[in-house]
2 protein chains.
Amino acid sequence: MSVDHEGDVPPYLQIAALIRARIDSGELAPGKPVPSVAQIVGEYGVARTTAQKALWVLRDEGLVRMVKGWGTFVAER
Amino acid sequence: MSVDHEGDVPPYLQIAALIRARIDSGELAPGKPVPSVAQIVGEYGVARTTAQKALWVLRDEGLVRMVKGWGTFVAER
DNA sequence: TCACATTTGTACGTATGTATC
DNA sequence: AGATACATACGTACAAATGTG
């Protein structure tokens, strides 16, 4: 999967949607780590800030928990 | 008022708190504009991204409404 | 209609701090 | 001590929407 820079959906929302889909499908189970900021940067070729923003969307939705020095994980619920 | 770069509260949260206080006190009434990103930059000497982040905090709290091309306003409620 | 200024939205890159492993 | 990872902050650029003249 890769992001589309031409469409009207900004990359950070596309990336958030991709990860959200993997959570909803169960591929990324509660407690499991989601891609790190660095991994997103490498995988989708976006800037670090854009990768962070994608994770912030999921965090604000309560889907993931971001823990400094540890990582970002699918929320337990 | 100015931000403290030494304390343990990051500048973007300090700025958010200052604006929140002005809303809570009624100085900034519902429907009225709050300081724009550019004004925050000029007033507190922070980067644009930091000023934005302060407003995002208030937006996420439902205290303000940010409208592209127009400005940021105290939410009506 | 058009041009312009203002304002928020998005995105890039970089640096430093802090916490965990 | 070192590597990894998130948090914060800096600066910059362009896009998109709005209002005004």
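Here is how names work: the chains are called A, B, and so on, in the same order as the sequence lines, proteins then strands, and each is numbered from 1.
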Check your understanding: Rounding to a whole Å, what distance do you find between Leu55(B):CG and dT7(C):P?
Key -> 12 Å
**Study point:** Heavy-atom closest contact (Leu55(A) atom, Thr72(A) atom, distance)
**Key:** CD1-OG1, 4.0 Å
Report, one pair per line, the protein and nucleotides 13-21 of chain D atoms (nitrogen or oxygen only) whose separation is under 3.5 Å.
residue, atom, partner, partner atom, Å
dT18(D), O4', Gly69(B), O, 3.2
dT18(D), O2, Gly69(B), O, 3.4

Practice item. Give Thr50(A) one of three labels, base, sugar-phosphate or nothing, depending on what nucleic acid heavy atoms sit under 4.0 Å from its own. Key: sugar-phosphate
Point to revise | Closest non-hydrogen atom pair, Gly62(B) against Ala75(B) | key: O-CB, 3.4 Å
Review point. Do Leu58(B) and Val41(B) sit in the same hydrophobic cluster, where Ile, Leu, Val, Met, Phe, Trp and Tyr count as joined when their side-chain heavy atoms come under 4.5 Å apart?
Key: yes
Exercise for review: Scan for salt bridge (charged side-chain N to carboxylate O under 4.0 Å, His left out) pairs involving residues 33-42 of chain B, sequence neighbours excluded, and state none if there are none.
Suggested key: none
Review point. Expressed in angstrom and rounded to an integer, what is the separation of Tyr44(A) atom OH from dC12(C) atom P?
Key: 14 Å
Point to revise | DNA chain C-proximal residues of residues 33-41 of chain B, any heavy atom under 4.0 Å | key: Ser36(B), Val37(B)
Point to revise | Atom-to-atom span, OH of Tyr12(B) to P of dC10(D) - whole angstrom | key: 13 Å
Check your understanding: Would you say a side-chain N or O of Thr72(B) is under 4.0 Å from OP1 or OP2 of dT7(C)?
Key -> no
Check your understanding: In terms of the nearest nucleotide of DNA chain D, which residue is placed more toward the 5' end: Gly71(A) or Gln52(A)?
Key -> Gly71(A)
Exercise for review: To the nearest Å, give me how far apart CH2 (Trp56(A)) and P (dT10(C)) are.
Suggested key: 12 Å
**Study point:** Residues forming a ring-ring contact (aromatic ring centres under 6.0 Å, His included) with Trp56(B), sequence neighbours excluded
**Key:** none
Study note, to complete from the structure: Nearest heavy-atom contact between Glu76(A) and Pro30(A) is OE1-CB, 3.8 Å
Point to revise | Separation of dG13(C) P from Lys53(A) NZ (nearest whole Å) | key: 15 Å
Study note, to complete from the structure: Residue pairs meeting side-chain hydrogen bond (donor to acceptor under 3.5 Å, both in side chains), one or both in residues 9-29 of chain B, sequence neighbours left out, come to Arg20(B)-Glu61(B), Arg22(B)-Glu27(B)
Check your understanding: Considering residues at least two apart in sequence or located in another chain, which fulfil the side chain to side chain contact (heavy atoms under 4.5 Å, CB included) criterion with Ala47(A)?
Key -> Thr49(A), Thr50(A)
Check your understanding: Starting at CG of Leu13(A) and ending at P of dT10(C), how long is that distance when rounded to a whole Å?
Key -> 7 Å
Review point. Does a nitrogen or oxygen in the side chain of Thr49(B) sit under 4.0 Å from OP1 or OP2 of dT8(D)?
Key: no
Practice item. Could you tell me the separation between the CE atom of Met66(A) and the P atom of dT18(C), rounded to a whole number of Å? Key: 18 Å
